[in-house]
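Reminder, nothing fancy here: chain letters follow the sequence lines and each chain counts from 1.
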Number of protein chains: 2
Amino acid sequence: MTNSNDGNGGAATASIATGRANMQLGYTPLYLQVRQQLLDKLISGEWLPGAMLPSEQQLSVQMGVSQGTVRKALDALSADRIVVRHQGRGTFVAEHDQRRTLFQFFKIADDKGDRVLPETVYSQLRRAEPSTAESRLLGLRPKAGVWRIVRHRALKGRVMLNEQITLSEDRFPGLDVHVPLPNNIYELYERHFATTVARAAEQLRAVSASAQDADVLGCGETTPILQIDRQAFALNGALVELRRSRCLTEQFHYASDLR
Amino acid sequence: MTNSNDGNGGAATASIATGRANMQLGYTPLYLQVRQQLLDKLISGEWLPGAMLPSEQQLSVQMGVSQGTVRKALDALSADRIVVRHQGRGTFVAEHDQRRTLFQFFKIADDKGDRVLPETVYSQLRRAEPSTAESRLLGLRPKAGVWRIVRHRALKGRVMLNEQITLSEDRFPGLDVHVPLPNNIYELYERHFATTVARAAEQLRAVSASAQDADVLGCGETTPILQIDRQAFALNGALVELRRSRCLTEQFHYASDLR
DNA sequence: ACCTATAACTTTTATATAAGACTTTGGACA
DNA sequence: TGTCCAAAGTCTTATATAAAAGTTATAGGT
């Protein structure tokens, strides 16, 4: 009703960070600034995984922008699977529940194309010295150590995956307290080490089974193996996990959607 | 100022197809209906690849919805890489230029992570009878034939890929006229057979090189090979191409982004 | 011919408003 | 105690308006 006469339906009256900076480069639209602000709060731990964010209305008041701008920022975060939105319920910080782990971070499927949940049948954790490459990639202090996890994982009752994971000891202090490690390890990162894996990059190669592969997977030494190297990144972009999976692909395959 | 009292800023006053149908299921929001209408026109060939679509304003008038709704429909099409939008220029039907083929449909990269453009060094086309599986997947008529293409492709001067492609003869009549086939085969589908590949699914396995692989790729017969099976789908969702690539992964790898 | 300023066009961003649709909650009622 | 219904909260969809930013064409001056 009131329709106060301030009349300003215009744009960008409240540019948050950079004002009207618009020379050539260095201009970020308001909704992206809002997105970054929200992301910063998520990184800082102000809202923990599973928590409900304030409503769009509340956020718009807090941040001094319109509800539509908040919505666009939230939609962007939702597209990156950083938050999850439910109509009528609210917006929530994404959690590493089984479903997310299965669909976003586990690409092995059976011959019908259905994703299969892997079951950990053997798990070992030890502390080790990093290689120079690992130290560089993980951005470790000069003398810092790493955790090395070896897991054997079964699909439909047969051991199919031989997996090695490398983590910074600094980022995961006292990890050995949590032995035996749970099947969903990203949930552990999230709950106990304030580390949310937001995205990952994988490189796939076909290699020959090593003697150790043959032993673990119960195959011949020259059996072709799918080797998957993964780098997992946290919300702030930091590399937090190095992983190498060696996988039998006789009854299963790696599924990739191109779109 | 005016704040006219017609008041109707409300929603869904002009529902296109289903009206206010909203029982439990079977409700599609207006912007998705608009998206489908636009997609139908693209499928029908009303706008050819590379062509500019009418402006948002024109479309909103034509279709009897607001500009914002057209915008949301176009954004959805843009997210699926069906159209490409350029600020200040217009909205265009996506083309299978080299860049799109390279980034959307070719996942092989070198050890630095850079995508590499493959070069076709051998190409053969012949007509054949489909297997029952091929006939079923491609939805062929009972007596219909298929084209079979064999290509050998090189990366940085070395033959790395041994590729077999199967196409419906009905969908690609007179394909043999275009021999030798161009390097970018999706551009050929698009230009001469009104077939736009919109998305694809791939299944990856590690296998042993066959005698033929060994001959083509110049490797030993038991060398591990990355086998990539692909199904490519057109705009309307029809399966239009079956492809099996066998790939050496000593200097290159398949890159997959999980997000 | 070349450069510049201007205008006209586009998409993009931002705001305001309103109603639909979904979920949860709490109270009335049997 | 259990069920139903209404209310309140949420996200979702839709429209209208306006300004900003990028592109292209045109007119004008040097």
Sequence neighbours left out, cut at 3.5 Å: what donor-acceptor pairs do the side chains of residues 41-48 of chain A make with other protein atoms?
from: Ser44(A); atom 1: OG; to: Lys41(A); atom 2: O; distance (Å): 2.9
from: Ser44(A); atom 1: OG; to: Glu46(A); atom 2: N; distance (Å): 3.4

Which residues satisfy the side-chain contact (heavy atoms from CB on, under 4.5 Å) test with Arg136(B), sequence neighbours excluded?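 Result, side-chain contact (heavy atoms from CB on, under 4.5 Å) vs Arg136(B): Ala133(B).
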Can you give me every donor-acceptor pair (side chain of residues 252-259 of chain A, partner residue at least two apart or in another chain, under 3.5 Å) with its distance?
from: His253(A); atom 1: ND1; to: Arg205(B); atom 2: NH2; distance (Å): 3.2
from: Tyr254(A); atom 1: OH; to: Glu202(A); atom 2: OE1; distance (Å): 2.5
from: Tyr254(A); atom 1: OH; to: Ser256(B); atom 2: OG; distance (Å): 3.0
from: Ser256(A); atom 1: OG; to: Tyr254(B); atom 2: OH; distance (Å): 2.9

Euclidean distance, atom CZ of residue Arg35(B) to atom C1' of dA14(D) [Å, nearest integer]: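 From Arg35(B) CZ to dA14(D) C1': 19 Å.
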Separation of Gln33(A) atom CD from dT13(C) atom P, in whole Å?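 Distance, rounded to whole Å: 12 Å.
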Let me have a per-nucleotide readout for nucleotides 7-12 of chain D, 5' to 3', with B, S or -, counting only protein heavy atoms under 4.0 Å. --BBBB
Applying ring pair (Phe, Tyr, Trp, His ring centres under 6.0 Å), name anything that partners Tyr186(B), two or more places apart in sequence or on another chain.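 Ring pair (Phe, Tyr, Trp, His ring centres under 6.0 Å) check on Tyr186(B) returns His96(B), Phe105(B), Tyr189(B).
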Check: residues 87-95 of chain A side-chain donor-acceptor pairs under 3.5 Å, at least two apart:
from: Arg89(A); atom 1: NH2; to: His86(A); atom 2: NE2; distance (Å): 3.4
from: Thr91(A); atom 1: OG1; to: Arg85(A); atom 2: NE; distance (Å): 3.2

